[in-house]
Amino acid sequence: MARISVEVDGIAYEDDVEPRLLLVHYLRDRLGKTGTPIGCDTTNCGACTVLLDGTSVKSCSVLAVQADGCDVTTIEGVSSDGEWHPVQKAFHEEHALQCGYCTPGMILASIDLLKDDPDPSEEAVRQGLEGNLCRCTGYCNIVRAVRRAAQEMRVTTP
Amino acid sequence: MIPASFDYFRPSTIEEAVDVLAGAGEEAKVLAGGHSLLPLLRLRLAYPTALVDVGRVAGLRGVSDRGDHVLIGATTTHDEVVRSPIVREHCPLVALATATVADPAVRHRGTFGGSLAHADPAGDLPAVALALDMVLEVRSPAGERAIPAAGFFLDYLESALAPGEILTGVRVPKLGPGWGFHYEKFHRTAQAWATVGVAAAVRQSNGTVEEVRVGLTNMGSTPVRATAVEEAARGVEAGQNGGLRRAAEQAAEGTDPPADLHAQPDYRMHLARVLTHRALLSASAHRSPAT
């Protein structure tokens, strides 16, 4: 067992974990953060994307021990004061989801993308989300949502 | 799947890392970003008894200008490599190829050294290492040694790293002015491995190709240097109607490409010729100013 301390969605945790425990299993099974789904389990689909110290990672490909001392943000931690994050709102408004399985990962990857590029072109959004697969809605509305969120965020945070 | 159990060590200095690895037995593996290793563990294709996590070892991460070469620390992430002004200025081929590795989330965790140490011939960076004659610096209890890329990739997922050795950094020689670069990658989906990839560097003068370097991705059990192309391209006229197409025809010579779901060997050989031609044309069109 290894002792880790992590901050997840603003709350500090200390836990003993097996070194082989994947971050996504730690989040779901230990902390009950089931907002982070497991999709492919092979680093492909991006459904389990979370922010690790502010940067998007696939949590099925990170050991919980590697996250020791880090700050993790899941989909459950992106809203604030009961207000959805602008990317969440835009996904809702643009109908950027159907079954919703890829959505938490899409939203976190989009938040990271917009941090880097506050006004991405359609092509830049497609490139930036190439590690996140959607198998039902398709990507048109997702791209539209990310660009709408970008616009929204530029207006509210000049 | 859940990986099999292993012991976990997280040293904070390279001396400690080397000692821990030496004491952890032959079945121990070095963990950096884990983006090649963890998928293998999860699929239970590998069963190391111990992981030595070098992710927080001081001094292994970052890029520095060392005069005639650039030193890329082994645990520098792909994302850091792509963003490095030193890499972009002095080794653009590394930046171009690294930007095509998987997807942004993978590039945030995967490391430059890890990709080379993993020695996957389908990885993008081994072919670049060959083409640029990189030199890999390794450390063990016996001391340090430097391994030229040409002698580093021994077989499929097998490198010249001996048990107990840790890759610490990679020297990328600066090629100087007059060179142009391109990495041409053919793959079926955005983050898939290259079916075939071609790393090309071209030096020309007054419209004549003077020197060419070509590394091939996924054309054998190791990355391959296309020496026949390099010889055939020397002295030809640059440009669409020059001799680059004929030189690129040699790209599959001496290769033994794998067969898998995506391509049979003859198709990979065809791709190597076509992609090499494209890579040479693009590299000669994107020449850096001869300052």
Side-chain angles (χ1 to χ4, degrees), chain A residues 1-4 17-26 29 38 40-70 105-106 108-113 115-117 120 124-133 139, chain B residues 1-10 12 24 28-29 31-57 75 77-80 82-83 99-111 114 185 187-193:
Chain A
M1 286 289 184
R3 186 123 190 113
I4 60 166
V17 298
E18 264 194 275
R20 63 174 169 166
L21 184 69
L22 299 170
L23 179 59
V24 70
H25 290 137
Y26 175 71
D29 302 344
I38 299 172
C40 65
D41 204 18
T42 52
T43 330
N44 274 288
C45 77
C48 66
T49 301
V50 299
L51 303 182
L52 188 65
D53 286 340
T55 300
S56 63
V57 303
K58 298 182 178 185
S59 62
C60 73
S61 302
V62 177
L63 297 170
V65 286
Q66 289 178 294
D68 182 26
C70 297
M106 285 286 181
L108 286 156
S110 302
I111 290 172
D112 192 20
L113 167 69
K115 190 182 67 188
D116 217 33
D117 182 355
V125 175
R126 289 181 182 273
Q127 290 279 337
L129 297 182
E130 67 180 339
N132 294 76
L133 306 182
Y139 299 98
Chain B
M1 257 192 303
I2 293 169
S5 294
F6 50 80
D7 293 327
Y8 175 79
F9 302 97
R10 193 168 67 212
S12 49
K29 289 287 277 182
L31 172 72
H35 274 54
S36 298
L37 183 57
L38 292 185
L40 289 182
L41 300 191
R42 260 184 346 219
L43 294 168
R44 298 227 175 183
L45 294 172
Y47 297 86
T49 52
L51 294 190
V52 179
D53 183 354
V54 296
R56 298 187 197 190
V57 169
T75 63
T77 66
H78 298 308
D79 190 57
E80 289 162 349
V82 172
R83 289 168 193 267
T100 76
V101 172
D103 57 63
V106 169
R107 293 195 291 272
H108 288 151
R109 296 289 300 172
T111 65
K185 179 171 178 172
H187 52 172
R188 291 182 64 235
T189 59
Q191 1 100 296
W193 273 274

Classify the side-chain pair [X]/[Y] by whether it contains a donor and acceptor separated by less than 3.5 Å.
{"X": "B/T75", "Y": "B/R56", "answer": "no"}
{"X": "B/D79", "Y": "B/T77", "answer": "no"}
{"X": "A/T43", "Y": "B/H35", "answer": "no"}

For [X], which atoms come within 4.5 Å of any heavy atom of chain B: side chain, backbone, both, or neither?
{"X": "A/Q127", "result": "backbone"}
{"X": "A/T49", "result": "neither"}
{"X": "A/E130", "result": "both"}
{"X": "A/L52", "result": "side chain"}
{"X": "A/D53", "result": "neither"}
{"X": "A/L63", "result": "both"}
{"X": "A/D112", "result": "side chain"}

### Task
Would you mind checking which part of B/A102 comes under 4.5 Å of any heavy atom in chain A, side chain (CB onward), backbone (N, CA, C, O), both or neither?
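It is the backbone, since no side chain atom gets that close.
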
### Query
For B/L41, is it the side chain, the backbone, both or neither that has a heavy atom under 4.5 Å from a heavy atom of chain A?
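It is neither, since no heavy atom gets under 4.5 Å.
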
### Task
For chain A, find which of B/G34, B/A105, B/A4 contributes the most heavy-atom pairs closer than 4.5 angstrom.
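If we count pairs closer than 4.5 Å to chain A, B/A105 comes out on top.
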
### Message
Only pairs of heavy atoms separated by less than 4.5 Å count here; which of B/V106, B/L51, B/L38 has the most with chain A?
### Response
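So the answer, after comparing B/V106, B/L51, B/L38, is B/L38.
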
Shorter than 4.5 Å, heavy atoms on both sides: which option in [options] has the most such pairs with chain B?
{"options": "A/A109, A/C60, A/S56", "result": "A/S56"}
{"options": "A/N132, A/D68, A/L113, A/L129", "result": "A/D68"}
{"options": "A/V62, A/D41, A/V57", "result": "A/D41"}

### Those residues that, when tested against B/K29, pass salt bridge (charged side-chain N to carboxylate O under 4.0 Å, His left out) (two or more places apart)
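In terms of salt bridge (charged side-chain N to carboxylate O under 4.0 Å, His left out), with neighbours along the sequence ignored, B/K29 is linked to no residue.
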
### Summary of side-chain hydrogen bond (donor to acceptor under 3.5 Å, both in side chains) pairs that have at least one residue in residues 46-55 of chain B, sequence neighbours excluded
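Qualifying pairs: B/Y8-B/D53.
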
